[in-house]
Amino acid sequence: MADSPQPRVALVTGAGKGIGRAVALRLAKDGCNVALNDIQRDEAFVTVKEEIQKLGREVIECIGDVSKEEDVKEMVNVTAQNLGGLDIMVANAGIFFAKPFLENTLDDWDRCFDVNGKGVFLCYKYAALKMIEQGRGGRIIGACSQAGKVGHPLASIYCATKFAVRSLTQSAALALKPHGITVNAYAPGIFLSAYILIRLPSHRDLQDSL
């Protein structure tokens, strides 16, 4: 009898709550082993890990800051070393704040772009390098938003970061296509987490649509 295929391995950033939590659980339910990232290990983060363990999947913790290059490199390497590779990267971590346009500061700009822009770029880059090294292709998915399609006077910097994610995703998809790596982004509006758990498509559905 032929050996059973190895489960795919996914790394999800910002997995402690909200959309990241929902994505991590969905991937686990679909048979993936999962590496969970967030900036801190709090009660919500531990709960997600425990829920995935109850599903019978392997799960590891990768605490780190996606805006720091060494942290992202480390989480990718730790995932591959402990779970046997990296097949799916979900660059979900992000921050949001609302301010009138004229009240925004340069610190606001830097803080938002560090996480929502630089963080996604680093996740795309180091996941892609690992997938190319493995030679078996992969799936990279980033968190865009409806705010990446239309501006808003109370979220100008956030919108700018999501427009950046949208264009970065398109460019990365073209660059990585020869390596069998697809790059896509999801663009939700405002959701309740419980709704996401019910409605989020499986990774197989996502894969079939790529």
Side-chain angles (χ1 to χ4, degrees), residues 1-16 19-41 44-66 68-93 119-143 169 172-173 175-186 197 200-210:
M1 180 181 295
D3 293 336
S4 299
Q6 290 295 314
R8 292 195 174 197
V9 175
L11 169 57
V12 183
T13 68
I19 292 176
R21 173 182 181 275
V23 169
L25 289 171
R26 177 79 255 189
L27 290 166
K29 289 175 182 176
D30 286 344
C32 295
N33 293 330
V34 184
L36 301 173
N37 158 265
D38 219 313
I39 198 165
Q40 61 183 359
R41 187 182 190 273
F45 183 87
V46 173
T47 299
V48 180
K49 180 180 178 181
E50 291 173 347
E51 290 184 59
I52 291 175
Q53 289 173 329
K54 289 177 182 177
L55 293 169
R57 307 313 316 165
E58 290 186 57
V59 56
I60 63 169
E61 300 179 13
C62 296
I63 303 299
D65 184 343
V66 296
K68 296 180 179 178
E69 187 170 20
E70 289 304 315
D71 284 13
V72 176
K73 291 168 66 175
E74 178 70 9
M75 71 177 71
V76 168
N77 287 332
V78 166
T79 298
Q81 291 166 6
N82 287 275
L83 296 178
L86 178 63
D87 302 294
I88 302 165
M89 162 63 86
V90 184
N92 168 78
V120 171
F121 161 69
L122 291 172
C123 288
Y124 281 15
K125 175 181 177 179
Y126 287 103
L129 287 170
K130 179 59 66 177
M131 291 171 181
I132 292 169
E133 176 189 317
Q134 294 170 166
R136 63 192 195 214
R139 302 286 182 263
I140 297 175
I141 304 166
T169 300
L176 299 176
K177 181 179 179 181
H179 301 286
I181 301 169
T182 60
V183 189
N184 290 270
Y186 50 90
L197 285 171
L200 189 74
S202 70
H203 87 277
R204 295 188 185 90
D205 295 332
L206 290 169
Q207 179 178 326
D208 289 344
S209 70
L210 303 181

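Basis for what follows: all heavy atoms, side chains included, without hydrogens, waters or symmetry-related copies. The structure displayed is predicted, hence computed values, not measured ones.
The shortest distance between side-chain heavy atoms of F45 and E61 falls below 4.5 Å. Looking only at side-chain heavy atoms (C-beta outward), V23 and I141 stay at 4.5 Å or farther from each other. Between Y124 and T169 the shortest side-chain heavy-atom distance falls below 4.5 Å.
Rounding to the nearest 0.5 Å gives a distance of 12.0 Å between CG of L11 and SG of C32. Note that CD of E74 and OH of Y126 are 12.5 Å apart. Values are rounded to the nearest 0.5 Å. With rounding to the nearest 0.5 angstrom, the CE atom of M75 is 11.0 Å from the NZ atom of K68.
Side-chain atoms of D71 come within 3.5 Å of backbone atoms of D65 as a donor-acceptor pair (strictly under, hydrogens ignored). In this structure, E58 contributes its side chain and L83 its backbone to no donor-acceptor pair below 3.5 Å. T79 contributes no side-chain N or O that, together with a main-chain N or O of L86, makes up a donor-acceptor pair within less than 3.5 Å. Looking only at distances, no side-chain donor or acceptor of N37 sits under 3.5 Å from a matching main-chain atom of V12.
Side chain to side chain, N92 and Y186 meet the donor-acceptor criterion of an N or O pair below 3.5 Å.
Taking both residues in full, the closest heavy atoms of C123 and V66 are given as SG-CG1, 4.3 Å, listed atom of the first, atom of the second, then distance. Heavy-atom minimum distance, A127 versus I140: CB-CD1, 4.2 Å. Taking both residues in full, the closest heavy atoms of A24 and V48 are given as CB-CG1, 4.5 Å, listed atom of the first, atom of the second, then distance. Closest non-hydrogen pair, C62 versus A35, comes out as SG-CB, 4.1 Å.
Annotation: side chain to side chain contact (heavy atoms under 4.5 Å, CB included) contacts of A28 (sequence neighbours excluded): V34, I52, L55, R57. Remark: K73 pairs with E70 by the salt bridge (charged side-chain N to carboxylate O under 4.0 Å, His left out) rule, at least two apart or across chains. For E133, the salt bridge (charged side-chain N to carboxylate O under 4.0 Å, His left out) partners are K130, not counting sequence neighbours.
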List the steps, then state whether side-chain contact (heavy atoms from CB on, under 4.5 Å) holds for E50 with Q53.
CA-CA 5 Å; E50 291 173 347; Q53 289 173 329; 4.2 Å; yes
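More than 12 non-hydrogen atoms from other residues, nucleotides or ligands lie less than 6.0 angstrom from NZ of K49.
Just one residue in the list I181, D87, V76, L176 forms a side-chain contact (heavy atoms from CB on, under 4.5 Å) with M131, and that residue is I181.
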